[in-house]
2 protein chains.
Amino acid sequence: MVKLQEKESTISDSEWEAMRIIWTLEPVSSTKIIQELQAKKNWSESTIKTLLRRLVKKNLLSTKKEGRRFVYTAKVNQTQVMAEAAQELLNRMCDMHKGEVLLQLIANSPISKSDLSKIKEIIATKEKDAPYMVPCNCLPGNEKMC
Amino acid sequence: MVKLQEKESTISDSEWEAMRIIWTLEPVSSTKIIQELQAKKNWSESTIKTLLRRLVKKNLLSTKKEGRRFVYTAKVNQTQVMAEAAQELLNRMCDMHKGEVLLQLIANSPISKSDLSKIKEIIATKEKDAPYMVPCNCLPGNEKMC
DNA sequence: CATCAAAGTTTACAAATGTAAATTTAAAGT
DNA sequence: ACTTTAAATTTACATTTGTAAACTTTGATG
């Protein structure tokens, strides 16, 4: 039996910044990435190269040598990685307050008309058998209302 | 001028686990926290004490000595901390895909009837002047559609 | 082909985190 | 008061992350 997915590597804050550039411009050269990132962050060339190498090692980027420089491409889908990261965060939190949290996120995020109507749809679906209260699940045994 | 909030300290994964117990049971003794956490995680007593001490240092918990043990209380509001953490995560991500991400979060989270209807309300409000598309904001200068 | 400059690789180092053993302190019982 | 021992504090150590200097390689150019 072969170990396929070694537990999806986490993306650190700085790495995330680099990934965004790559997702937007891929396939993109190291030089271009450095240029774009330096327009935003006070990072040395060296720092950015380190980030890129770590991302390759984490298997989130693939590279192809082109002349003297590398060209990077993302190996993972942006929206999916975003959703996974957000989901993982929520998974570590108390069920009881997720509704309120999502409420705030929606209020503070720019959302397109089409996404809004999709959201309306799931809301409608969920409403059918939504509970009156979502119990706290912070304790191991008894899920008590906290 | 006084520096009031020194940049709210981040809560690490393990620390989060401890905070959940405390938010649920506060005021709660070290002993009880250790007992509850060990019912969930394979952590030594020592490890848990370290977590608690770090949380106190981060100013997220306050303590009161009671007999031979400490009693802990959270100094921060759970829902608020949850919302802030989630918001900060989203802030580091591409605007263009936040709608889709929220869609998935809503689909996968247990939400009460009342929270659902509150969400419906903001959705309705937002729909009025929602854009047809939310542009990608991953590059420093030109916000291009990616 | 020799040299330079750009790009990549190594090494570095402090802070934060996960995890815990060893040691000290002090409450409680005798 | 003295001992026991639960609880707190110190010390520890590896890994990840943020950040970067130093060094090496290699494509390009004279």
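Naming convention: chains lettered A, B, ... in sequence-line order (proteins, then strands); numbering from 1 in each chain. We use all heavy atoms of the structure for the numbers below, so side chains are in, but hydrogens, waters and symmetry mates are not.
- Around atom NZ of A:K113, more than 12 heavy atoms belonging to other residues, nucleotides or ligands sit under 6.0 Å away.
- Each of B:V71 and B:L25 belongs to its own hydrophobic cluster when Ile, Leu, Val, Met, Phe, Trp and Tyr are linked at side-chain heavy-atom distances under 4.5 angstrom.
- Atom NZ of A:K58 is surrounded by more than 12 heavy atoms from other residues, nucleotides or ligands within 6.0 Å.
- Near DNA chain C, meaning a heavy atom under 4.0 Å from it, residues 40-57 of chain B has B:N42, B:W43, B:S44, B:S46, B:T47, B:T50, B:R54 in order of number.
- Residues from residues 13-21 of chain B lying near DNA chain C, meaning a heavy-atom separation below 4.0 Å, are B:D13, B:S14 in numerical order.
- Salt bridge A:E88/A:R92: absent, no basic N to carboxylate O contact under 4.0 Å.
- Contacts with DNA chain D (heavy atom under 4.0 Å) in residues 66-74 of chain A: A:G67, A:R68, listed by number.
- No salt bridge links A:E36 with A:K40; every basic N to acidic carboxylate O contact stays at or beyond 4.0 Å.
- Look at CD on A:Q35: it is 11 Å from P on C:dA7, rounded to the nearest Å.
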Full working for side chain to side chain contact (heavy atoms under 4.5 Å, CB included) between B:L60 and B:I11: CA-CA 9 Å; B:L60 296 168; B:I11 301 177; 3.6 Å; yes
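- A sub-4.0 Å separation between OP1 or OP2 of D:dT9 and a side-chain N or O of B:K65 is absent.
- The side chain of A:S30 contributes an N or O atom lying less than 4.0 Å from OP1 or OP2 of C:dG8.
- Hydrophobic clustering (side-chain heavy atoms under 4.5 Å, transitive across Ile, Leu, Val, Met, Phe, Trp, Tyr) groups A:W16 together with B:L139.
- Distance alone, capped at 3.5 Å, is enough to place a donor-acceptor pair between the B:N137 side chain and the B:D95 backbone.
- Between the P atom of C:dG18 and the CD1 atom of B:I11 lies a distance of 12 Å, rounded to the nearest Å.
- The nearest whole Å value for the distance from the CG atom in A:L37 to the P atom in D:dT19 is 12 Å.
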Begin from the C-alpha positions of B:S30 and B:R69 and carry the test side chain to side chain donor-acceptor pair (under 3.5 Å) through to its verdict. CA-CA 7 Å; B:S30 44; B:R69 59 185 64 160; 5.2 Å; no
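- A donor-acceptor pair under 3.5 Å is formed between the side chain of A:E26 and the backbone N or O of A:A74.
- The pair B:K98-B:E100 does not meet the salt-bridge criterion, since no charged nitrogen lies less than 4.0 angstrom from a carboxylate oxygen.
- Take the nearest nucleotide of DNA chain D for B:I34 and for A:S12: the residue whose nucleotide is more 5' is B:I34.
- Atom NZ of B:K32 and atom P of D:dA7 are 14 Å apart (whole Å).
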